[in-house]
Amino acid sequence: MKQRFPIILAILLLILAGGALRAAWLTADPPATGTVGIVWHDEGAWVHNARNRVLWGTWRTDAWNPMYVTPVFTGLEYVAFEAFGVGTWQARTVSVGAGLVAVAALAWGLLACAGRRAAVVGAALLATNFFFVMWNRAALAESTMTTCLVVAWAAWARAHRRPAWGLVAGAATVLAFFTKASAAFFVGAMGLEAGSLIAFGLWPGVARVVGARIPERPALAAARWTLAGLALAALVAAAVFVVPHWTEFRFYNWQMSVTRKPEYTLAALANRASWLPVVHDVFSRVWVVLAAASVALLAVVARWWRAPSAMRLLALWVLIGFAELIVHDSGNERRYVMFIPALVALAASLASFRPWAVPAGEADEGRAGRLAALPVVLLLGYLVWGALVRLPDLDRIYAHDLQRTVRLAAALAVITALVVWWRWRPVLALVLGVPSRRVVVALAALAVLLDLGQFGVWATRRTDLNYRASIEVGRLLPAGTLVQGKLANGLALENRIRPVFVGRGFGNYDDRLSRDDVRYVLTYVQPWLGYESGTDGALIQEILDRYPDRRIVETFPVDETSGPDEAALIDKFPGAPNRPGGSGRPNR
């Protein structure tokens, strides 16, 4: 216990430091750089049902009900609102707490599979990672979903010592899916890793053919407990939530989230694959961690069946997750939040002796290992080089030449793959060797300093325009006032208006042109009218066109694109008397 105390103390101090970064100035606007990707006006939309329940005593007040796609997040937001009241900082406490749980769980898992030094390095990197910290400050589902993934992975790592933790691993995996369906890839990753262990236990000959060790009893027990946790949690979710609400569940999780959004042509898939490191600067912001994680990931792939099972699961997390992005959506920054803990864990594993490290003379895995590693080297090379080439245009999402960046990164990735193929044995010996502790600590310190520097820049330039705009809406409109538009949800956290969400093909879309009972519309007028509804703003414009006598009641400076951004409260019936139920306001 005395030997563990310094490590536990260090991790606790890092969690406290991470809490300070996440909780400071909690009503401030998120970074307006497009490549951090936090769309602040989505916060009110995703906490809509929890807000309804606390303020009006019912989950549903209109046709926008995201609780059917993210019931776990909605439930946590309801608890936060019940405990602290409805407001901006209250809504964000869920993500703050989730981020800190992720830091603790990551360290807990690394302690089990990579050692104490790796646990401390991992906690330091995740506690301070600027991209992850900022998403942990937003009332959006990504942080909660990602935390469930981290808990599932850590419990899986622990299950190889105490198999019953597998039950937690399986349940947390299901909770991640019911926080956001983007976690579906991890269900496959967990099932693949656990299922392969059970298969090798049942058919040892298969294990010998692929070069894997026959799993020992604790590993087999961990796999059984995990699959049992997956099955049990899925059955409970189906009985309690999916079956009773099948129509809504299918609409939100399939028709709205899958069929409505991406194209699945070969050209679209190629575009999404090429976008991974270059369409925004997420990987450029975490380049040191990405590069270190790529070395660790290659080490895992090179000796796949000799690596610890928890490390294989991290590799599957990254590789299958990237595959899902290519199929579904790689152009949205929020999709990358879930990769940060996995990359951090892989990078941190370099700080400790790895059980699969081997002497240089025993590093040759043969032609099969070389062939298996080649596509991974191409992928990792493209990511690492693409993120590096992207660095000069950091924060300038449309300023760089995408074609030039893609071609240069692809050429460098091919060269890297050829070098690795040609010099396979020395490269493999290098990535499988134990790196200098000083080098790893220096790189970790560099990554932490870079992240703290980014946070410092944001802190010195921070604003709270969105928070103040929401307060001003409450000053203008009495409680219960119906207000149309997605931005009505975004500006609803500091007041008691009743938003009527309008989305393209969902929400209150069908009756959008006939809602004469709703007197007001909230929308952007800068950078352009209806900015929140798409690039052309047509959705809001067609609503406003129905009311040619409309009048702008008030405008509010807000912060979404680094400005100048402006929202407007628009009266569809200027001069009309107040209506019953709080749908009107005194004329000004």
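Side chains of Val558 and His41 form no contact here, defined as non-hydrogen atoms less than 4.5 Å apart. Considering only heavy atoms from C-beta on, Leu482 stays 4.5 Å or farther from Tyr520 through its side chain. Residues Trp40 and Leu491 have side chains in contact (heavy-atom distance under 4.5 Å, counting atoms from C-beta outward). Using a 4.5 Å cut-off on side-chain heavy atoms (C-beta onward), Met67 and Trp59 make contact. Annotation: side chain of Leu450 is in contact with side chain of Leu446 (closest heavy-atom distance under 4.5 Å). A heavy-atom distance below 4.5 Å is not found between the side chains of Phe73 and Met145. Within the 4.5 Å cutoff, the side chain of Glu542 has heavy atoms near those of the Arg512 side chain. Side-chain contact between Phe178 and Thr70 is absent, with no heavy-atom pair separated by less than 4.5 Å.
Taking the six-membered ring for Trp and the full ring otherwise, Phe506 and Phe251 have centroids separated by 6.0 Å or more. For Trp25 and Trp89, the ring centers sit 6.0 Å or farther from each other. Taking the ring centroids of Tyr531 and Trp528, they lie under the 6.0 Å cut-off.
Aromatic ring orientation, Tyr547 versus Phe573: perpendicular (interplanar angle above 60°, classes split at 30° and 60°). Phe249 and Phe177 have tilted rings, their planes meeting at an angle from 30° to 60° on a 0 to 90° scale.
In this structure a side-chain-to-backbone donor-acceptor pair under 3.5 Å is present from Arg550 to Leu544. Distance alone, capped at 3.5 Å, is enough to place a donor-acceptor pair between the Arg272 side chain and the Val327 backbone. A donor-acceptor pair is defined here as one N or O able to donate and one able to accept, closer than 3.5 Å; no such pair exists between the side chain of Asn508 and the backbone of Val502. Asp281 places no side-chain N or O within donor-acceptor distance of the main-chain N or O of Ser284, the cut-off being under 3.5 Å. A donor-acceptor pair is defined here as one N or O able to donate and one able to accept, closer than 3.5 Å; no such pair exists between the side chain of Trp46 and the backbone of Ala141. Between the side chain of Asp451 and the backbone N or O of Phe130, at least one donor-acceptor pair lies under 3.5 Å. Proximity of a side-chain donor or acceptor of Asn253 to a complementary backbone N or O of Tyr68 within less than 3.5 Å is detected. The backbone N or O of Asn52 sits nowhere less than 3.5 Å from a side-chain atom of Arg60 that would complete a donor-acceptor pair. In this structure, the side chain of Thr93 engages the main chain of Gln90 through a donor-acceptor pair within 3.5 Å.
The environment of CZ in Arg515 is crowded: more than 12 heavy-atom neighbours from other residues, nucleotides or ligands sit within 6.0 Å. Open room surrounds CH2 on Trp385; 12 or fewer heavy atoms of other groups in view lie less than 6.0 Å from it.
Contact record, Gly386 with Ala409: CA-CB, 3.5 Å, taken as the closest heavy-atom pair. Annotation for Val47 and Ala91: closest pair CG1-CB, 4.5 Å, computed over non-hydrogen atoms. Nearest approach of Ser470 to Asn495, heavy atoms of both residues: O-ND2, 2.8 Å. Considering every non-hydrogen atom in both Val521 and Lys572, the closest pair reads CG2-CD, 3.9 Å. Taking every heavy atom of both residues into account, Ala127 and Leu14 meet most closely at CB-O, 3.6 Å. Summarising the geometry of Ala568 relative to Val525, their closest heavy-atom pair is CB-CG1, 3.7 Å, with the distance given to 0.1 Å.
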**Study point:** side chain to side chain contact (heavy atoms under 4.5 Å, CB included) evaluation trace for Leu569 with Leu477
**Key:** CA-CA 10 Å; Leu569 177 65; Leu477 300 179; 4.0 Å; yes
**Study point:** Intermediate values then yes/no, side chain to side chain contact (heavy atoms under 4.5 Å, CB included), Ile540 and Glu532
**Key:** CA-CA 9 Å; Ile540 293 296; Glu532 73 279 12; 3.7 Å; yes
Point to revise | Worked verdict on Tyr336 versus Phe283 for ring pair (Phe, Tyr, Trp, His ring centres under 6.0 Å) | key: CA-CA 9 Å; Tyr336 294 83; Phe283 288 132; 5.4 Å; yes
**Study point:** Test log, rule side chain to side chain contact (heavy atoms under 4.5 Å, CB included), inputs Leu140 and Ser95
**Key:** CA-CA 7 Å; Leu140 297 168; Ser95 292; 5.6 Å; no
**Study point:** ring pair (Phe, Tyr, Trp, His ring centres under 6.0 Å) evaluation trace for Phe455 with Trp458
**Key:** CA-CA 5 Å; Phe455 185 88; Trp458 168 80; 5.4 Å; yes
Exercise for review: Tell me, with the steps shown, if Thr146 and Trp135 meet side chain to side chain contact (heavy atoms under 4.5 Å, CB included).
Suggested key: CA-CA 11 Å; Thr146 301; Trp135 276 93; over 6 Å; no
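Annotation: the span from Phe556 atom CZ to Leu487 atom CG amounts to 9.5 Å, rounded to 0.5 Å. Between the CG atom in Asn489 and the CG atom in Asp62 there is a gap of 7.0 Å [rounded to 0.5 Å]. How far CG of Asn136 is from CG of Leu100: 7.5 Å, rounded to the nearest 0.5 Å. Separation of atoms CZ (Arg22) and OG1 (Thr128) is listed at 8.0 Å; rounding is to 0.5 Å. If you take CG on Leu476 and CD1 on Ile471, they are separated by 12.5 Å, rounding to the nearest 0.5 Å. Remark: Cys148 SG to Met338 CE distance equals 14.0 Å, nearest 0.5 Å.
Considering Gln484, Lys486, Arg51 as possible partners of Pro499, the one that fulfils the side chain to side chain contact (heavy atoms under 4.5 Å, CB included) test is Arg51.
Taking 4.0 Å as the cut-off between side-chain N and carboxylate O, Arg92 and Glu43 count as a salt-bridged pair. Under the 4.0 Å criterion applied to side-chain N and carboxylate O atoms, Arg462 and Asp29 are not assigned as salt-bridge partners. Salt-bridge formation is not detected for the pair Glu333/Arg285: no Lys NZ or Arg NE/NH1/NH2 atom is positioned less than 4.0 Å from an Asp or Glu carboxylate oxygen.
Inspection of the Ser182 and Arg335 side chains reveals an N or O donor paired with an N or O acceptor under 3.5 Å.
Sorted by first and then second residue, the side-chain hydrogen bond (donor to acceptor under 3.5 Å, both in side chains) pairs involving residues 71-88 (not counting sequence neighbours) are Thr88-Glu494.
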